[in-house]
Amino acid sequence: MITTRSLTKRYGGTIALDDVDLNVSPGSIYGLAGPNGAGKTTLLGILAGLRRETSGELHIDARAGEIAVLPDTPRFDPWLTGREVVALARSLVDPNGPSGRVDEVLVETGLADAGSRRVGGYSRGMLQRLGIAATLVGRPRLVLLDEPASALDPGGRREVLDLIARLRGTATVLFSSHILADVQEVCDTVGTLDKGRLLFEGPLRDLLVGSAVPRYVVHLRGNADTVAARLTQASWVSSAEARSDGVLFLEVTSLADAEERLAEALAAAKAVVVSYGPEEVSLERAFLELTGGRPKP
Amino acid sequence: MSLLRLEFLRLKRTSRWLILGGVFVGFGLMGPLAARYMEQLLDIAGGDLDGVTIEFPDPVPADGIIQYVNNAVQVGTLVAVVVAAGALAFDSIPEMGIFLRTRVPSVWRILLPRLVVTFAAVSVAFILGVGAAWYETTVLLGALDSGAMLLGTLLGVLFLAFVVAVVAAVAQWARTMLATVMVSLIVLVTLPIVGIADIVGRWLPTRLGAALADLVDEGAAGDYLGPAAVALVAIPVLLGLAARGVRRRET
């Protein structure tokens, strides 16, 4: 659906995007993850036709009217009603579409009751949902969402993420977020952007398994320090970090080594074990390892 | 909901139509009154001037229109610039600009309804003001030359079209609505200053603003051929600049 080759954007001497090769498959929900200032908004702006690339190639398999864009903090003329905003969006992108479509998306986004109220009185969460309603009303094939849930409270965030998840199968979605948990929850494909460079692109599973260092988490009763000191001496343990609450993080040479030898090593260290198992790797940890940041234990 | 209806709603719900109408029609009603009763008004306001006597010539019909034009061209143009900037500087809030820009195949679809509705609103307000001033002048001071009135009104409308085109061009290059208003006013104020040199002044479209007052006061229509021709050339050039500005801007 979207292919870029060596896409570069410079603002004067500052490189906002550096040789980005992006591949977004049709029908996927693609999460563009990265910290603030990574270049996500610039990349989405170029894909939306709002900014021009300095160099590189860009191909989008959708016509202008089939692409819908939602900025991070959507704003509308405050004297319009919610229904009028959605009706305006429909008249611009899908004037021959079914007339009931406006009400349909208002219901879908939970704004049916507020549709006749002026937008000036909407909360931030309602504005975000209205933005999504205006985005979906034209039945786009490609949806570009810039930080759609970042500024919302937990309830609003939940609603927006559910709305995005419901788009699966009906449109290709590319959404950016610096909240990695959101990307991990909704997306099937992920691209990690940092300082303008695309560090990883592929299925979320590959990132979590491929990039992360194999770690085990051991819950112990009592002090974990002595056990940590003992285990550090093992050749298959790269490092051991004990927390005051009895949790021990072990970085191991491979998960297979740990499966084979950990139980025996814990017994030898006379550890009172509550539970243990491989650490479930989060996108945040994988991202920090990719970017050279230090993950929190 | 079309973009044209959006602009009508902007005028109606933000009360801009009321402000435009109030200013032009207000001056249209006040101008002839002031011309007719200036002496009495000064008597009431000033009272005894220590033996100094000011004698006014008897007011003539042209005075009613001159009063209207003097006020309407200054304050009316200021209001017209603000109203036009509010509609035409659609990127001043980038998220609103993105909403529109990403939904239209051509920038003209955004610009055209805004230009048409703004120009129509400003022109209708000006014409209503002329109508009010014409009627009241006829009642209070006597009949006016219809030909001069109609031609002067037409030239006034052309001046307002030039004003809207200036704002449209500035709006697409300035970043905010305030900057659009300020730069537009600077352009519109600077032109008459440049026009002090007669060789330049006789061609400037800003002269059209006062054409109505001059024509009813025995001015020659031929004096306005040059400014009208320049305005007719400048308006499409300014709109072309506006379209170019919209296209090149990154949001």
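Lettering of chains follows the sequences in order, A, B, ..., and the numbering in each one begins at 1.
- Nearest approach of Arg13(B) to Thr81(A), heavy atoms of both residues: NH1-N, 4.2 Å.
- Residue Arg52(A) comes nearest to Arg247(B) through the heavy atom pair NH1-O, 3.3 Å, listed as atom of the first residue, atom of the second, then distance.
- Remark: Leu3(B) CG to Leu88(A) CG distance equals 5.5 Å, nearest 0.5 Å.
- Using a 4.5 Å cut-off between heavy atoms, Arg83(A) does not touch chain B at all.
- In this structure, the portion of Arg5(B) lying under 4.5 Å from any heavy atom of chain A is its side chain and not its backbone.
- In terms of heavy-atom pairs under 4.5 Å with chain B, the best-connected choice from Leu80(A), Thr41(A), Leu70(A) is Leu80(A).
- For Arg75(A) against Met96(B), the heavy-atom pair with the smallest separation is O-CG, 3.4 Å.
- Taken from CG in Leu6(B) to CH2 in Trp79(A), the straight-line distance is 4.5 Å, to the nearest 0.5 Å.
- Neither the backbone nor the side chain of Ala68(A) comes within contact range of chain B; no heavy atoms are under 4.5 Å apart.
- Contacts between Ser2(B) and chain A at a heavy-atom distance below 4.5 Å involve the backbone alone (N, CA, C, O).
- Ranked by heavy-atom pairs shorter than 4.5 Å toward chain B, the options Glu84(A), Arg90(A), Arg118(A) are led by Glu84(A).
- In this structure, the portion of Ile67(A) lying under 4.5 Å from any heavy atom of chain B is its backbone and not its side chain.
- Arg103(B) places no side-chain N or O within 3.5 Å of a backbone atom of Leu92(A) that could act as its donor or acceptor partner.
- Atom CE of Met182(B) sits in a sparse spot, with 12 or fewer heavy atoms from other residues, nucleotides or ligands closer than 6.0 Å.
- The environment of Trp173(B) atom CH2 is dense: over 12 non-hydrogen atoms of other residues, nucleotides or ligands sit within 6.0 angstrom.
- Both the backbone and the side chain of Leu9(B) come within contact range of chain A, each with at least one heavy atom under 4.5 Å from a heavy atom of that chain.
- Counting heavy-atom pairs under 4.5 Å between each of Ala48(A), Ala89(A), Pro74(A) and chain B puts Ala89(A) at the top.
- Here the shortest heavy-atom pairing between Thr73(A) and Glu95(B) reads O-CG, 3.0 Å.
- Residue contact with chain B, scored on non-hydrogen atoms closer than 4.5 Å, is absent for Val102(A).
- Heavy atoms of Thr135(A) lying under 4.5 Å from chain B belong to its backbone as well as its side chain.
- Within a 6.0 Å sphere centred on OH of Tyr11(A), other residues, nucleotides and ligands contribute more than 12 heavy atoms.
- For Arg101(A), the CZ atom sits in a packed shell: over 12 heavy atoms of surrounding residues, nucleotides or ligands are nearer than 6.0 Å.
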